[in-house]
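The chains referred to below are lettered A, B, ... by the order of the sequence lines, with proteins before strands, and numbering in each begins at 1.
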Protein chains: 2
Amino acid sequence: MPRAGLDRAAVVALALAVVDDGGSTGFADLTLAAVAARAGVAVPSLYKHVAGLPALRREVALVCIEQYGMALRAVRAEHSGAELLPAMARSIRHLARRSPGRYGAVQGAAWVHDPDAQAVRDASVRVVDELGDAVTALGVPPERRIDAVRAVRAAVHGFVVLELDGGFGMPDDVDVSFDFLVAGLVGGLERLSVS
Amino acid sequence: MPRAGLDRAAVVALALAVVDDGGSTGFADLTLAAVAARAGVAVPSLYKHVAGLPALRREVALVCIEQYGMALRAVRAEHSGAELLPAMARSIRHLARRSPGRYGAVQGAAWVHDPDAQAVRDASVRVVDELGDAVTALGVPPERRIDAVRAVRAAVHGFVVLELDGGFGMPDDVDVSFDFLVAGLVGGLERLSVS
DNA sequence: ACACAAAGCTAATGCCATTAGCCAAGCACG
DNA sequence: CGTGCTTGGCTAATGGCATTAGCTTTGTGT
C-alpha cells in the first residue's frame, strides 16, 4: 500500500477544502472522518499529523484569520482616509460571501480561553488593529477608538452572519442594505470628529 | 419502576434547562443524553415525546423566539417614539446576557429551509415586525424601513454575539460601547427622516 | 544491507442518536 | 372487580464519530 505522503500542512489544506465545501456551517461540521476520506486514509492516521479534532480546528482557524487579516492589509494599501473603513467593510463581506465556511472559522471564539491558541488570539488582535486604524483615519478621537471599533465589528459581523444564515427573509436587495449600513456607520463616526 | 410522568412539554422544559446551564453554547451542545439524564430516564424513552434531536431543537427554538418576541412587545407597551428603538436594543442585549443559551437558539437559522419549521419562521417574522415598528417610530420613511431594520438587527445582534463569545478582548466598559452603538444607530436613522 | 523513525493500518473503547421490539402501569369499560 | 388496551418506560442493536493502543510496512540514511 503506497503512502499518501501527508504532513501537517497537507492535512490542514484538506480540512480547509472540507470547510469550503460545507457552506456556512462548514467549520462547525468539520470532521476527521471527512478529512480522512478526502486524503484517502484511515481516520487514525491523521493523528500522526495533528493532535486531534480541536487542534485541527485551531490550525484551520488560524489560517482563516490570517487570510482575513491579509485581506484587510491589502485594503489599507489601496485606500486611505475616509475611504478606508467602507472599503474594509466591503472586503469583509466579500470574503464572507466567497468563503462562508472560513468566515465561520473566524467567528467561533472558543479560542478566547484556550491556552493553546495564543497564535489565534494574536492574529485576531492584528485584525482588530486594522479596523482601529481605519476608524482613526475617519477622524475618530482616540478615547472613542475602542467603542468605534466595537461598533464597526458588531455592525459588519452582524450583517454578514444574518446574511449567511439566510436571516434576511425578504428578497429585497441586500447589497443596498449593506451600503446603507456602512454609510450610516461612517456618517456616525465622522460626526464624532467634529462634535 | 414508577413512571416519570413526562410529556412533550416537560421534555422541552428539561431541554430548556439544559440549554440554560450550557452557557452561550448551550443550544449547540444540547443533547438527548443530557435531557434524559435530567429526566431520570433512558435516552430512547424521549422518543415517546419528541421526534428526535432536530425536532427537540426546533421546539426549544420556538419557545426562545416567542419569549424574545414577548420581551419586545413588553418594551413597546412601555416606550414610544424615539425611545422605543433604544429600549428594544437594550432589552435584546439584556435577554441575551441573562440567557445566552436561549439567545443562541434564536440565532441558528437552520430553520430557514426546514419545511417543518413554519412556526419558527412565523415567530421570527413577528420579532422583525416589532423592530420595524420601532424604526418607523423614529421617523424612518417606509422605503427605508427594510434597510433600517436590517441595520438594527445586524448591529445589535453582532454586538451581542461578539460580547457573548468573549470577542471583546479589552476589559473596557462594554456597557459604554453598547450605548455608543445604539446612540449612533438612532442618530443615523433619525437623520433619515429629515434629509 | 540494515536499522530505525515515520506513516500507515486494524482493533478496541466510548459517546451519541436512532430504531426495533419487549414489558408493565394505569386507565376504561364491562 | 377484572380484563385488556394504550402508553410510557425499558434493553438491545446499529451506525457515525473521536480517540488510544499497538502492529506493520515503507523509506531513508548510514
Side-chain angles (χ1 to χ4, degrees), chain A residues 1-23 25-61 101 104-105 108 110-111 114-117, chain B residues 1-23 25-61 101 104-105 108 110-111 114-117:
Chain A
M1 43 202 87
R3 293 217 175 171
L6 290 179
D7 61 4
R8 188 187 205 75
V11 171
V12 172
L14 262 341
L16 280 166
V18 171
V19 168
D20 286 337
D21 285 359
T25 62
F27 184 71
D29 296 345
L30 177 62
T31 195
L32 288 185
V35 175
R38 215 171 261 258
V41 128
V43 175
S45 305
L46 297 177
Y47 284 79
K48 288 290 151 91
H49 307 290
V50 297
L53 183 58
L56 179 58
R57 280 222 163 85
R58 222 184 302 124
E59 306 254 15
V60 167
W111 330 114
D114 180 345
D116 295 341
Chain B
M1 43 203 88
R3 294 217 174 174
L6 290 178
D7 61 4
R8 185 187 208 73
V11 171
V12 172
L14 263 341
L16 280 167
V18 171
V19 168
D20 286 336
D21 284 357
T25 62
F27 184 71
D29 296 345
L30 177 62
T31 197
L32 289 184
V35 175
R38 215 171 262 257
V41 127
V43 175
S45 304
L46 297 176
Y47 284 79
K48 289 287 154 87
H49 307 290
V50 296
L53 183 58
L56 179 58
R57 280 222 164 85
R58 221 184 304 123
E59 306 254 16
V60 167
W111 329 115
D114 180 344
D116 295 340

- Message: Determine whether a donor-acceptor pair (N or O, by modelled atom type, separation under 3.5 Å) exists between the side chain of A:R8 and the backbone of A:K48.
- Response: no
- Query: Expressed in angstrom and rounded to an integer, what is the separation of A:D29 atom CG from D:dG16 atom C1'?
  - Reply: 14 Å
- Query: Counting distance only, does the side-chain N/O of B:R57 pair as donor-acceptor with the main-chain N or O of B:L30 below 3.5 Å?
  - Reply: yes
- Message: Using a strict threshold of under 4.0 Å (side-chain N to carboxylate O), is an ion pair present between B:D21 and B:R38?
- Response: yes
- Query: Of all of residues 38-48 of chain B, which get a heavy atom below 4.0 angstrom from DNA chain D, listed by number?
  - Reply: B:V41, B:A42, B:P44, B:S45, B:K48
- Item | Options C:dA17, D:dA18, C:dG8, nucleotide nearest the side-chain atoms of A:T31 | D:dA18
- Write down the distance between CG (B:L6) and C1' (D:dC10), rounded to a whole number of angstrom. 14 Å
- Tell me: CZ of B:R8 to C1' of D:dT7, nearest whole Å? 16 Å
- Could you tell me the separation between the CG atom of B:L32 and the CG atom of B:L53, rounded to the nearest 0.5 Å? 4.5 Å
- Task: Kindly give the heavy-atom pair with the smallest separation between B:A39 and B:L6, and that separation in Å.
- Result: CB-CD1, 4.0 Å
- In whole Å, what is the span from the CG atom of A:L32 to the C1' atom of D:dT20? 13 Å
- Query: Under a 4.5 Å cut-off applied to non-hydrogen side-chain atoms, are A:V18 and A:V60 in contact?
  - Reply: no
- Task: With the side chain of A:H49 defined as its heavy atoms from C-beta on, choose the nearest nucleotide among D:dT19, D:dC17, C:dA7.
- Result: C:dA7
